[in-house]
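What follows is a single structure, written as structure tokens, with notes after it.
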Protein chains: 2
Amino acid sequence: MAGDPGGPPPSRGASRDRPASVSIRDVARAAGVSYQTVSRVINDSPSVKASTRQLVLDAIAGLGFRPNRAARALAGGPVQAVTVLTSNTRLYGPAAALEGIEEATRAAGFALGVRVVESGTPADVKDAVERAVDPAGALIVIAYDRAGLATLNAVPPDVPMAGIVETPPDPAQAPRTWVWIDDRTAAMDATNYLLSLGHQTVHYVSIPTWMETSPRAAGWRAALERAGVRVPKPVEGGWEPRSGYRAGLQLARDPDVTAVLCGNDELAIGVMRAMAEAGRAVPEDVSIVGFDDTPQAAFYTPPLTTVRQDFNALGRLCFAKLISLLGQGRQDQEPPWPQAELVVRQSAGPPPERRRRYPPRRP
Amino acid sequence: MAGDPGGPPPSRGASRDRPASVSIRDVARAAGVSYQTVSRVINDSPSVKASTRQLVLDAIAGLGFRPNRAARALAGGPVQAVTVLTSNTRLYGPAAALEGIEEATRAAGFALGVRVVESGTPADVKDAVERAVDPAGALIVIAYDRAGLATLNAVPPDVPMAGIVETPPDPAQAPRTWVWIDDRTAAMDATNYLLSLGHQTVHYVSIPTWMETSPRAAGWRAALERAGVRVPKPVEGGWEPRSGYRAGLQLARDPDVTAVLCGNDELAIGVMRAMAEAGRAVPEDVSIVGFDDTPQAAFYTPPLTTVRQDFNALGRLCFAKLISLLGQGRQDQEPPWPQAELVVRQSAGPPPERRRRYPPRRP
DNA sequence: TCGGTTATTGTGACCGGTCACATGGCGCTT
DNA sequence: AAGCGCCATGTGACCGGTCACAATAACCGA
């Protein structure tokens, strides 16, 4: 195939060591039109005659042409690239949301960049935003913690972005595109469920809160108050199983604790471990309910009753909103908003004093 | 600050609606040098006088200049961008490796792109590689499954890349940069450990294998053979807890099964759940050992004995190798290779018939 | 058959960097 | 003091697309 004089080689061919890529000029030559016409075709301009378009399309297919992202970005064309700014991707929520975003970007032919914002320090946030904005692409910020929130506020207003948040900020203050799952209501449902089992009250192990108004904690509190029941002090948790373990050790010491709602499933497994070590059986002595429904939750011992949150769907929705903001997607094509849903398994049951009346199921 | 006549505004300022970015020409004007000198400074060219360099550096800082990645890529400069091609990021291994790569790229000031290769079909693989190669950046392929392997082979030889694999391919066949953890030896260690507890043999639940030579399975088999012990047929597992559950149900039916090595921790938790439902206690009746040491493994009931694999470190190492391949990093700065390590917890113990002599610890 | 729209296509300049090469200044040798 | 080479810097062209605008072709009614 080398040295074939029949067809003219791409403009500069292998003269340099860079892999010879085919450009719109090559396509134009092959199709017998101008490079601008090729540009119009690849951008779906309506003002190209159907026959001409087909000619160009054939040339594109024949030469295996692919538009160069860098050139397009440089010339100010449609970007087709998204960068995700997120905190620790080891956590289930951000990881699953990222997975959903990836699927959506891939389906739409967008490139995806990722940048983790480790700390919430102004310097770190500033650096992250500056670097992410660089290729003139769009931004998605996953903001479940303080660092994410700080990042959100550091994004210049002229950069197209969408945010995945726990609860939407004041719309008057920040007219942005947001996406979230109503976990306040979900927390109420979970709390009510435990109450309905006969527990006197429900304790709460929190994910890290940066404001007084964590929706999960708020939902839990609201449910207790509406039931006219004592509201225990929430136990400060974290994101990881280890902090759940610590919180569980503390709760296990209190014989009045019969039901615990956990801010996420990692916390829940830590609490369950602590209970096991303290000799308190789950769910016979203590009921545990988690949050998120991680893939492992159904296989814990006992299987975890938890609140399912479809972060993957949330990520896909967020991307859909972003491209409709960019004017490249249609509003009517946006997927529906995911809903939180209580998944009843076996880690919660009636409290010990009610066991006689409502014996626990044997799995 | 608007309309200040003191300093000349950036070349085109806000004449168009795009965010006015400062270019090397702006910097050059401010520093009183040519744009090429600015280019030299930002690329650490040695042939710039120290005083001139400082002049330019000051101008850069003053104007807040940041090189435009797209322009640099287009002009064939150093790219400073890496794209990761990986299979499902929901799995612990790829996810943790990706996390390590992200940390390393961030520290090095590289941009990071991600592309998931869903299936291993030639079309999918081809598309993934073509898109990923597009910005002329470097590539990292995480190849723990068939799709990843297919991707590996589809990367053109002139694209700089490094691969994270389970076991290195024949170096003669593919002179590439590889990085891996010796899990064959680790599987032998885990198997030997179970044997040393007194088990007659050890069963194996496999992660999906695309060749006969999965290192984990090979290590398991080698250990059994060296001990002169019966080698049971491996049970076909998968990546997810659910397939571990199915495999566990099958194994639980066989009273001879007293020890099970699982290809990963997700499988292990599925097996444990199946055993629990079948009324076989872990570790009293059956011992379970996992692979990977996911963050939750220590908190399972019982805590899982497993083989720790530091995928995060592996990802960082891979990136270090990649940039030294690119000529931008130093070989002596590469981090050490991570080693697999058996973490003994409580999911494995002596078989039932030996319980009298070696009673199980009560946690 | 002609002028005036309108649909379609082509031309030139530009985005912000890099490369190759040309040029200026300096110290050194002879 | 002229000639040389090296260091430091500047100039022009180019990467592969896009934009604005000009130019041509096709079509219409009068």
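So that the names make sense, note that chain A is the first sequence line, chain B the second, and so on, each numbered from 1.
- Taking atom CG of residue A:N68 and atom P of nucleotide D:dC14, one finds them 18 Å apart after rounding to whole Å.
- Residues passing the side chain to side chain donor-acceptor pair (under 3.5 Å) test with A:S34 are A:T37, sequence neighbours excluded.
- Remark: B:I24 CD1 to B:L63 CG distance equals 13.0 Å, nearest 0.5 Å.
- A distance-only check finds no donor-acceptor pair linking the side chain of A:D58 to the backbone of A:L55 [under 3.5 Å].
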* Asked: When every nucleotide of nucleotides 5-10 of chain D is labelled 5' to 3' by its protein contacts under 4.0 Å (heavy atoms), B for base, S for sugar-phosphate only, - for none, what sequence of letters results?
  -> ---SBB

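- Side-chain atoms of B:R72 stay outside donor-acceptor range of the base of C:dG16, with no qualifying N/O pair under 3.5 Å.
- Put simply, CG on A:L55 is 15 Å from P on C:dT8, counting in whole angstrom units.
- With C:dT18, D:dT18, C:dG17 as the candidates, the nucleotide lying closest to the side chain of B:F65 is C:dG17.
- Look at CD1 on A:I42: it is 15 Å from P on C:dT9, rounded to the nearest Å.
- Distance, B:L74 CG to C:dG16 P: 12 Å, rounded to whole Å.
- Side-chain N or O atoms of B:N88 include one that pairs as donor or acceptor with a backbone N or O of B:R90 at under 3.5 Å.
- Contact annotation: B:N43 side-chain N/O to C:dT18 OP1/OP2 distance is under 4.0 Å.
- Scored by the side-chain contact (heavy atoms from CB on, under 4.5 Å) test, A:A150 finds A:V125 as partners (sequence neighbours excluded).
- At whole-Å resolution of the value, CZ in B:R69 and C1' in C:dT18 are 16 Å apart.
- A distance of 11.5 Å separates CD1 in B:I164 from CH2 in B:W178, rounded to the nearest 0.5 Å.
- Rounding to the nearest 0.5 Å gives a distance of 10.5 Å between CG of A:L322 and CD of A:E334.
- Using five terminal pairs a side, the axes of the helix from C:dT1-D:dA30 to C:dT30-D:dA1 at its two ends make an angle of 50°, given in steps of 10 degrees.
- Residue pairs meeting the salt bridge (charged side-chain N to carboxylate O under 4.0 Å, His left out) criterion with at least one partner in residues 105-114 of chain A, sequence neighbours excluded, are A:E102-A:R106, A:R106-B:E118.
- One atom, CZ of B:R66, and another, C1' of C:dC15, lie 20 Å apart when rounded to the nearest Å.
- Annotation: ring-ring contact (aromatic ring centres under 6.0 Å, His included) contacts of B:Y35 (sequence neighbours excluded): none.
- To the nearest angstrom, C1' of D:dG17 lies 16 Å from CG of A:L63.
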